[in-house]
Amino acid sequence: MGRQDSVGADAVREGIASMEGYLLWQGEIERARMAAEAFADRLDWLTSGQREQVTDLYTRTELDRSRASIAHTAQRARQLRQEYQDRYDHLRRRAVACCLTLGAAAVLLVCLVRAL
């Protein structure tokens, strides 16, 4: 039963993360659209068709920029995670080696004391 609970909890976490990503991207689309409309508003000489084209192009450009930024951030997060994992593994190996060395030294010391 514990395994099924874990799988269910993982599915819930994935669903929440997916929903969060969706909502964040929808917010990004809205932000890009608002920026595009504000830009097009400053170009009062555009016809309505031109304004729509400028708005669409600006929105796509902003979304492409956002997508690239998010991809770069995700890549950097993966790199940092790997670096931290490597460092943690190295420190863990050193700690285990120190514990084993101290344990061996303690056993040796006990054996020497008993031999006297």
Indicate every side-chain donor-acceptor pair of residues 40-47 with a distance under 3.5 Å to a residue at least two apart or in another chain.
residue: D41; atom: OD1; partner: R51; partner atom: NH2; Å: 2.2
residue: T47; atom: OG1; partner: Q50; partner atom: N; Å: 3.2
residue: T47; atom: OG1; partner: Q50; partner atom: OE1; Å: 3.3

Who are the side chain to side chain donor-acceptor pair (under 3.5 Å) partners of [X], not counting sequence neighbours?
X   : value
R65 : E62
R81 : none
E30 : none

Applying salt bridge (Lys or Arg N to Asp or Glu O under 4.0 Å) to E37 and not counting sequence neighbours gives none

Pairs flagged by salt bridge (charged side-chain N to carboxylate O under 4.0 Å, His left out) wherever residues 102-116 is involved - sequence neighbours left out:
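For residues 102-116, and leaving out neighbouring residues, there are no salt bridge (charged side-chain N to carboxylate O under 4.0 Å, His left out) pairs at all.
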
Rounded to the nearest 0.5 Å, the CD atom of E52 sits from the OG1 atom of T59 at a distance of 10.5 Å

### Query
When rounded to the nearest 0.5 angstrom, what is the spacing between SG in C111 and CG in L116?
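These two atoms lie 11.5 Å from each other.
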
For A32 and Y58, the nearest pair of non-hydrogen atoms, with its separation, is O-CD2, 4.5 Å

Examine L63 and I70 and state if one hydrophobic cluster contains both, with Ile, Leu, Val, Met, Phe, Trp and Tyr joined whenever side-chain heavy atoms are less than 4.5 Å apart.
yes

Among all residues two or more places apart in sequence or in another chain, which pass the side-chain contact (heavy atoms from CB on, under 4.5 Å) test with [X]?
X   : answer
L80 : R76, E83, Y84
Q75 : R78, Q79
S69 : T73
Q26 : Y22, I29

- Task: May I ask you to list the residues sharing a hydrophobic cluster with L112, side-chain cutoff 4.5 Å, ordered by chain and number?
- Result: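 Traced through the cluster, L112 reaches L108.
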
Review item, side-chain donor-acceptor pairs of residues 90-101, under 3.5 Å, at least two apart:
residue: R92; atom: NH2; partner: D89; partner atom: OD1; Å: 3.4
residue: T101; atom: OG1; partner: A97; partner atom: O; Å: 2.8

Any side-chain heavy-atom pair from F39 and T55 closer than 4.5 angstrom?
no

